[in-house]
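Quick notes on the structure that follows.
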Amino acid sequence: MRPDRYNARESEPHWQRIWDERKIFESRNDDARPKYYVLEMFPYPSGRIHMGHVRNYAMGDVVARYMRARGYNVLHPMGWDAFGMPAENAAMQSGAHPATWTYANIDTMRRQLKSMGLSLDWSREIATCDPSYYKHQQRIFLDFLKAGLVDRKTARVNWDPVDQTVLANEQVIDGRGWRSGALVEQRDLTQWFFKITQFAEDLLEGLDTLDQWPDKVRLMQRNWIGRSEGLRMRFAIAPDSRLPAQSDIEVFTTRPDTIFGASFLGLSVDHPIVRALAEANGKLKSFCDECRRIGTSAAVLETTEKQGFDTGLKVLHPFDDAIALPVYATNFVLMDYGTGAIFGCPAHDQRDLDFANKYGLSKTPVVCPPGVDPASIKIGKEAFDGDGLLINSRFLDGKSIDEAKEEIACKLESRELFGRPQGQRQVNFRLRDWGVSRQRYWGCPIPVVHCDACGVVPVGASDLPVVLPQDVDFKTPGNPLDRHPTWKHTTCPQCGGAARRETDTMDTFVDSSWYFARFTDPWNTEEPTNLPAISKWLPVDQYIGGIEHAILHLLYSRFFTRGLRTTGHADLDEPFKGLFTQGMVVHETYRAGDGSWLAPNEIRIESAAEGRKAYALAGGAEIEIGSIEKMSKSKRNTVDPDEIIGTFGADAARWFMLSDSPPEGDVIWSEEGVQGVARFMQRVWRLVGDMKTIAAPAGSGRPAEFDEAAMTIRKAAHNALAKVEDDIVRLRFNRCIAHANELVNKLGQTIGSIESPQIGAGLAFACREAAEALVMIIAPMMPHLAETCWADLGCEDLVSLASWPAADRSLIREDVITLPIQINGKKRAEVVVPRDADETTIRSIVLADDAVRKAIDGRQVKRVVIVRERIVNVVV
RNA sequence: GCGGACGUGGCGAAACUGGUAGACGCAAGGGACUUAAAAUCCCUCGGGCACCCCCCGUGCGGGUUCGAUCCCCGCCGUCCGCACCA
């Protein structure tokens, strides 16, 4: 007995169980069909999934299910980005061990993801906090170390003196630790680094090959890498101010052409020369300390004035000994870019101009914009950095900027100063090496030991993994690994003497930099990956995730892939062939009179012609409907996927997530919207039932003749198939859904107008064909409803295993077409013409048309523009 | 400040990137069925008007074109990224 209503709550677990038992989504590495690897960014196991996950995984699942139907061997795995701070914070607050907390969260979230009906290969599940995963990460670290891709050097870090840990830049808010609130100090610590800068050029060039990435992301990475070509040049210190150990100062500049506009040298307060001078100069020292204290956060930089401290040193202009330039210690020159020193040319650099104005330094214009009289140039508050010709520059006068740059570079390169060339061309990058040391417990241990006799010694491969100790306490601040009573004491792999383990763990971005590769052979106990599996599956054909990872995660993964290649673990450069960044899930906010936020399930909406109003469920007070914002706990505008799935079903949640907005944009979750989806689902269920009563049995042959109703149905079905095919591969899910809606509308209308005596073989076949097409079309998005309909229609096996019925595009081509007719660019009429009509025929049909003649109204026809199968424009 | 994106009905959006602007959905209004409600079905739904005609309309002002949401120039506004990188 076919129920009147489709019951998602019964149906969804039923099909999930069948999919699970038959393991139909597990992919094999020895499957010979063409591969397709679709991957969504794996989640951090924070506790529960949120609607953003639902959207992300719904998108990936559509792609996976569609490509499977198209005959591909699809890899669609899932795992957990399971190391990280929140687990330690939870341990500090509740006392639960990070591992216990993390695995409990994973269990919850796995159940939630399974309730979404995702076609995932759970047999490949990995968790980065598992020793079976991080063992291989340690191996990769050691291989990178051996290959010279790892460095250990001192670096300036944000140090939280209360928590006794290093903080990332984004964890420092207004100069204070985000958790402790303590004033953050800048400390020089010895840290581990991945030498990502070694691949700077390659990472930049590789972007050009990533034509299936959003331009926006490529641009962001390009800017982040920040390549610039310039010149290192040395200035001799004037003899009377020369220091004992220092005869010259080297600067980096991208504008050597402006050398005759130079009026000072600016040095970072951390420049060795400044440091040395500060030893003997208390005022300079306190200036430097003050600059360091203020820090470099964005908000601070906005308001901080350019400041300098005259060191008393003078340097000689490289092309005129008679010019001596003052040397300042400044707060705006960075030590870790270029040489930590610049020459300032106020006329053509805004920062230098600000500085010069403050300290009354000269500002000679040396580039004259085209069409401007050099004598008329006045330098006020705005520096000119545009193009022009050189002036006031002696031998450079009249040259272009590029010619002048070239000339200065050649001159200085071929000239010696104190026994070395005075200039050297250099390409500089904004990109810095990737510091991976974290003074935390819940991360992958860095597998080296420190031996007093042998120094830093890698742990032997057979001793991996270096496993985190279980018995740790989080009551005291600092690194639990460091204060663990026994864990760090070990013996040196080299000399056998007493040694200490490295107690830093790796940045969790390391964990996510190669997980996509591990999925290709997650069972491998010996190696991180193996080349046949890598070659088979990588690159990921379609990677889907949030734009917030546009730089770090994606850049690190690209670096790692190059590193894996260098160390023989992989054989490609670019891990992600296609990238898609989906938008956020946003929701209205609700605010009570007292300013407190209410959750969507605490209010009731009433809508009428005058507008919508919200009332509190408790008490009934009217609630202000606020702006639409990203779902967040603080604004309480979240909805819980479990509740939505429990009420409307996973299919409804998935469909709505894909329906309303283009996938790269934000989608507004609304109760009304998801109710609309629920109505749609019942409509599909009824329609399939209606069509079934007409439809021929499954597998019936195609008759030779189709009547008009049958043709209408067939055309609608094939038209929808064709449009969905075009849109789904471009991830335009919102359009796919519009096509599905149109098909349902069309089929409903046509079926509704059929009188039962009319039903012949043609119509029966068309109904069977169209009903199956409809089910196939919705299946990637609403797999459970689709399975139920598929079974109801008596189709073979599962729709999840069925092949996509390729659209017959010849059916969509009409023999006669309706052409819109414009008179002087405005649409005035339509005519029906044969598709293959030539221009003369069309012209005469158009000009004979009553509506056209009326619109022309006797005026002279000057021209008739005919665009084939598109439009006709009559110019009068 | 630099770089980028975007502006279309009451709302989310379509429009094959130069060819019928507003598909599809949400909300709203009217009607049918019903004792009633829900569900379902039908109609209307950018603005104006003399309402089967016609005029206006894709942030604003120009331009190119037979024809512009789309291309060009100049404004206005919103959002995002980077942030003293010499």
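Lettering follows sequence order; numbering is per chain, from 1. Fair warning: this is a prediction, and the values are worked out from it, not measured in the lab.
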Remember a base hit wins even if backbone is also touched, and classify [X] as base, sugar-phosphate or nothing at under 4.0 Å, heavy atoms.
| X | answer |
| --- | --- |
| A/Val875 | sugar-phosphate |
| A/Val864 | nothing |
| A/Arg612 | nothing |
| A/Thr253 | sugar-phosphate |
| A/Lys826 | sugar-phosphate |
| A/Gly226 | nothing |
| A/Glu672 | sugar-phosphate |
| A/Ser670 | nothing |
| A/Asp215 | nothing |
| A/Asn745 | sugar-phosphate |
| A/Arg222 | nothing |
| A/Arg828 | sugar-phosphate |

Separation between the [atom1] atoms of [N] and [M], rounded to whole Å:
| N | M | atom1 | answer |
| --- | --- | --- | --- |
| B/G12 | B/G57 | P | 23 Å |
| B/C71 | B/C2 | C1' | 26 Å |
| B/U20 | B/A5 | C1' | 29 Å |
| B/C54 | B/U40 | C1' | 39 Å |
| B/A27 | B/G81 | C1' | 35 Å |
| B/C24 | B/C72 | C1' | 33 Å |
| B/C66 | B/G74 | P | 24 Å |
| B/C33 | B/G18 | C1' | 49 Å |

Ion pair [X]/[Y], N-O distance below 4.0 Å:
| X | Y | answer |
| --- | --- | --- |
| A/Arg227 | A/Glu229 | yes |
| A/Arg218 | A/Asp215 | yes |
| A/Arg809 | A/Glu725 | yes |
| A/Asp690 | A/Arg2 | no |
| A/Arg612 | A/Glu606 | no |

Quick one: [X] [atom1] to [N] [atom2], roughly how many Å, whole number?
| X | N | atom1 | atom2 | value |
| --- | --- | --- | --- | --- |
| A/Glu671 | B/C26 | CD | C1' | 13 Å |
| A/Arg227 | B/C82 | CZ | P | 23 Å |
| A/Arg859 | B/C66 | CZ | P | 17 Å |
| A/Leu353 | B/G1 | CG | P | 16 Å |
| A/Glu830 | B/C52 | CD | C1' | 14 Å |

Worksheet, complete the sentence: Assert: residue with more 5' nearest nucleotide on RNA chain B, out of A/Ser661 and A/Arg683, is A/Ser661
Discussion item. With nearest nucleotide decided by heavy atoms, which residue, A/Leu431 or A/Thr818, maps closer to the 5′ end of RNA chain B?
Written reply: A/Thr818
Worksheet item: Does A/Lys862 get its side chain close enough to the base of B/C66, under 3.5 Å, for a donor-acceptor pair?
Response: no
Item to complete: Assess whether one donor atom and one acceptor atom, taken from the side chain of A/Asn741 and the base of B/C24, lie less than 3.5 Å apart.
Response: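 When only heavy-atom distances are counted, A/Asn741 does not reach the base of B/C24 through any donor-acceptor pair under 3.5 Å.
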Practice prompt. Could you label the plane-to-plane angle of the A/Phe252 and A/Tyr337 rings as parallel, tilted or perpendicular, counting under 30° as parallel and over 60° as perpendicular?
Written response: perpendicular
Item to complete: Name the orientation class of the two ring planes belonging to A/Trp669 and A/Phe656 (parallel below 30°, tilted from 30 to 60°, perpendicular beyond 60°).
Response: perpendicular
Worksheet item: For B/A86, does either OP1 or OP2 sit under 4.0 Å from a side-chain N or O belonging to A/Arg255?
Response: no
Fill in: Under 4.0 angstrom between A/Ser228 side-chain N/O and B/A86 OP1 or OP2
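Affirmative; the distance criterion is met.
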Practice prompt. Could you check A/Tyr359, A/Phe287, A/Phe343 and say which one makes a ring-ring contact (aromatic ring centres under 6.0 Å, His included) with A/Tyr328?
Written response: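 Of all the options given, the one that passes is A/Tyr359.
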Worksheet item: Would you say A/Glu382 has more than 12 foreign heavy atoms packed within less than 6.0 Å of its CD?
Response: no
Worksheet, complete the sentence: Here RNA chain B, pairs taken as Watson-Crick or G-U under 3.5 Å and shown with ( ), [ ] when crossing and | when to another strand, reads (((((((..(((......[....))).(((((.......))))).(((.....)))..(((((..]....))))))))))))....
